[in-house]
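Following: one structure in structure tokens, then a few remarks.
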Amino acid sequence: MATISFHNWTFSVNNNSRITSFPHRSPLSNKLFLGNALSLSKRLLKLRPPTLTPIKCSVSQATDTPTPDISEKSQLMRRSDVRNIAIVAHVDHGKTTLVDSMLKQAKVFRDNQFVQERIMDSNDLERERGITILSKNTSITYKDTKVNIIDTPGHSDFGGEVERILNMVEGVLLVVDSVEGPMPQTRFVLKKALEFGHAVVVVVNKIDRPSARPDYVVNSTFELFIELNASDEQCDFQAIYASGIKGKAGLSPDNLAEDLGPLFESIIRCIPGPCIDRDGALQMLVTNIEYDEHKGRIAIGRLHAGFLRRGLDVRVCTSEDSCRYARITELFVYEKFNRVPADRVEAGDICAVCGIDDVQIGETIADKISGRPLPAIKVEEPTVKMAFSINTSPFVGREGKYVTSRNLRDRLYRELERNLAMKVEDGETADTFVVSGRGTLHITILIENMRREGYEFMVGPPKVINKKVDDRLLEPYEIATVEVPEEHMGSVVELLGKRRGQMFDMQGVGSEGTTFLKYKIPTRGLLGLRNAILTVSRGTAILNTIFDSYGPWAGDITTRDQGSLVAFEDGTTSSYALSSSQERGQMFIGPGVDVYKGQIVGIHQRPGDLSLNVCKRKAATNIRSNKEQTVVLDTPLAYSLDDCIEYIQEDELVEVTPLHIRMCKNPKFSKRK
């Protein structure tokens with residue numbers, strides 16, 4: 001009988017190299033490990049799990065065996081003066097805040113320079129929502145080593161951004177919350193990083209939280225590595241404990257340094273330098289695209305082989321047979337927080353290239369004579385689709401600058417140039433387009449951007465993308481993780497049960513009195529769930545989801561029990577009409593608002609729609625009253641774009657304009673009736 005100790009828990013392995021006991025773990029963990037095959041047990045015996053002391057990471061000692069897409073005669077070597085890393089994590093685990101501290105301590109900014117929080121979230125939408133939507137590049141210099149850092153989104157809907165940039169790096173910082181531990185998106189980004197063979201440094205962030213449980217988090221992360229079939233070298237990861245907001249890190253949760261020095265040292269030691277062919281034929285995979293009014297389209301990527309210089313003639317390849325020629329007019333590298341002009345870039349560095357007006361993501365910038373294309377970037381398929389169409393309401397053209405189907409079509413197909421995880425197809429009519437994405441948030445961000453650019457259009461309700469395999473109808477399923485206080489757990493469990501969710505794990509968390517619930521649920525059941533779950537939990541529940549797999553059709557799901565209140569005629573709403581209308585349900589509008597026939601003005605308190613006259617006025621008579629009647633109106637519901645898209649059903653549409661978001665009944669459905 002052999003024993004393997006790992007932090008606070010122990011494996012017991014019998015003479016047949018099989019795990020026999022796994023104390024102090026949940027039943028789910030026991031089931032996971034005890035059911036594993038002989039090979040897993042042998043691997044666990046070989047592995048040295050993460051330690052609290054500095055280690056010589058196995059990954060940095062590994063033999064250089066990159067996939068040579070270059071000539072076999074070329075000499076492959078590693079650059080020791082460059083590190084390319086991506087910071088990946090679940091949403092709200094502190095990636096962007098950690099990057100802020102790394103930039104400050106690397107003296108990227110002057111001591112007296114004002115720096116706003118989450119400096120990498122430069123987009124207006126990112127600042128408003130407090131999330132990262134687009135991946136961004138920066139770099140720091142630590143002890144004569146240039147570290148290119150790429151900040152990535154944490155939401156599963158933007159997983160395409162993460163998949164794309166993993167082509168540019170050799171290692172990742174996996175940031176995990178010290179209380180929550182590995183979450184659904186943690187699993188997704190780690191799976192992709194391991195598939196690429198990248199080295200991983202695990203950063204247990206927010207270690208200063210009162211209910212932090214670092215041992216549990218590191219153990220759970222190690223289990224996740226094993227579950228995802230990580231190699232022995234990848235499982236031998238370095239764990240760093242950090243507080244991103246305080247700018248402190250250490251090799252032990254109880255002994256943090258005064259700065260992020262231990263984190264920087266681990267990056268240099270554990271993340272290998274880029275493997276390059278310095279003298280080979282030029283190869284650069286375009287992984288990102290930006291646009292500048294003066295410079296035009298800017299292609300961003302990592303130089304895999306050869307070198308680039310300003311004025312160089314190159315070949316741009318999509319495949320072996322599809323190539324064209326171009327010239328590099330300007331060349332930039334990332335230094336600190338800026339793009340800096342460069343005359344020459346060596347293989348292994350990340351750079352930005354100007355001069356190729358029609359370059360696309362996934363194309364290879366190669367040597368003019370002997371260059372060959374690199375493998376194209378692959379991302380996972382979308383799971384949700386929505387129909388976009390021109391605005392057909394009576395208010396069309398009042399606010400928008402772009403209202404025609406040609407404007408809409410051009411803008412949607414232009415989005416495909418940068419957004420690889422999205423698809424656009426022509427719809428049933430000439431003015432309808434079907435947009436497919438990773439989730440409703442993925443498409444909602446596109447809608448919000450278009451609205452701010454001056455577009456005016458209508459969108460239908462989100463629908464899942466089903467598949468047929470062997471005459472069986474399959475639909476997408478997702479893993480939903482809900483963090484909810486114990487007093488509201490019953491209501492949340494009941495709601496998820498109605499949505500065809502199946503619970504497979506439940507655990508309490510520390511002293512905060514919250515419970516983690518894990519469900520496997522059809523994507524259809526998640527449509528409109530976010531508002532409903534906030535309602536039943538009094539705004540305290542936190543819902544996170546990630547795509548899991550396709551499974552059998554789960555049956556009918558009811559997502560909304562109440563109907564809509566619909567305007568009876570065109571006009572301007574009055575207090576007199578709304579005072580009687582609000583007895584029928586909750587209103588979306590107040591007095592003095594222009595409405596049109598068919599516009600949804602509220603939520604009916606019963607099933608089925610109800611038409612109301614919200615524009616009628618009090619009849620004028622010649623009888624005087626000593627005092628006008630005082631009308632008390634309820635505060636109308638303020639629905640955001642996300643709320644409206646969650647609310648609407650099959651026969652309803654959302655009208656999107658630069659200044660207003662309205663909902664209306666779909667006229668095509670009323671004609672069918």
Evaluate the side-chain proximity of [Y] to [X]: yes if any heavy-atom separation is below 4.5 Å, no if none is.
X    : Y    : result
D410 : Y402 : no
V614 : F568 : no
S436 : M422 : no
R409 : I390 : no
V175 : I87  : yes
T440 : D642 : no
I377 : T287 : yes
T186 : L174 : yes

Would a distance-only check, ignoring hydrogens and angles, find a side-chain to backbone donor-acceptor pair under 3.5 Å from [X] to [Y]?
X    : Y    : answer
Y477 : P552 : yes
E652 : Q649 : yes
N449 : L446 : no
H198 : L194 : no
T572 : V593 : no
E399 : L659 : yes
S574 : K616 : yes
N205 : H93  : yes
R524 : K463 : no
D177 : V179 : yes

Option from H442, R438, K423 for which side-chain contact (heavy atoms from CB on, under 4.5 Å) with P382 holds: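 The side-chain contact (heavy atoms from CB on, under 4.5 Å) with P382 is passed solely by K423 among H442, R438, K423.
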About how many Å separate [atom2] of [Y] and [atom1] of [X], when rounded to the nearest 0.5 Å?
X    : Y    : atom1 : atom2 : answer
R472 : Y550 : CZ    : OH    : 14.5 Å
M663 : K665 : CE    : NZ    : 10.5 Å
I447 : L441 : CD1   : CG    : 10.5 Å
E487 : S537 : CD    : OG    : 10.0 Å
H604 : D609 : NE2   : CG    : 9.0 Å
W553 : N466 : CH2   : CG    : 5.5 Å

V566/L610 under side-chain contact (heavy atoms from CB on, under 4.5 Å): CA gap, chis, key distance, verdict: CA-CA 6 Å; V566 184; L610 179 67; over 6 Å; no
[X] side chain to [Y] side chain, donor-acceptor N/O pair below 3.5 angstrom:
X    : Y    : result
Y216 : Q507 : yes
Y455 : T657 : no
N391 : E655 : yes
N544 : H90  : yes

Minimum heavy-atom distance [X]-[Y], with the two atoms named:
X    : Y    : value
L526 : A480 : CD2-CB, 4.4 Å
V656 : R451 : CG1-CD, 3.4 Å
Q582 : D634 : OE1-N, 3.0 Å
L578 : P591 : CD1-N, 3.4 Å
I557 : G525 : CD1-N, 3.9 Å
S581 : L565 : O-CD1, 4.4 Å

Over 12 foreign heavy atoms within 6.0 Å of [atom1], [X]:
X    : atom1 : value
R414 : CZ    : yes
R584 : CZ    : no
E417 : CD    : yes
M503 : CE    : yes
R452 : CZ    : yes

Can [X] and [Y] be counted as an ion pair, charged N to O under 4.0 angstrom?
X    : Y    : result
E180 : R213 : no
E475 : K467 : no
R606 : D561 : no

Residues R187, D548; criterion salt bridge (Lys or Arg N to Asp or Glu O under 4.0 Å); working and verdict: CA-CA 10 Å; R187 180 189 181 91; D548 181 53; 5.9 Å; no
side-chain contact (heavy atoms from CB on, under 4.5 Å) evaluation trace for I521 with L496: CA-CA 8 Å; I521 185 170; L496 289 166; 4.0 Å; yes
Trace of the ring-ring contact (aromatic ring centres under 6.0 Å, His included) decision for F433 with F388: CA-CA 5 Å; F433 308 94; F388 285 52; 8.6 Å; no
Test log, rule ring-ring contact (aromatic ring centres under 6.0 Å, His included), inputs F588 and Y639: CA-CA 8 Å; F588 290 139; Y639 264 23; 4.9 Å; yes
Verdict with reasoning, V493 to L517, per side-chain contact (heavy atoms from CB on, under 4.5 Å): CA-CA 9 Å; V493 169; L517 306 173; 3.9 Å; yes
Residue pair F395, Y596: steps toward the ring-ring contact (aromatic ring centres under 6.0 Å, His included) verdict: CA-CA 8 Å; F395 296 166; Y596 55 83; 5.1 Å; yes
side-chain contact (heavy atoms from CB on, under 4.5 Å) assessment of V435 paired with E425: CA-CA 7 Å; V435 179; E425 302 167 332; over 6 Å; no
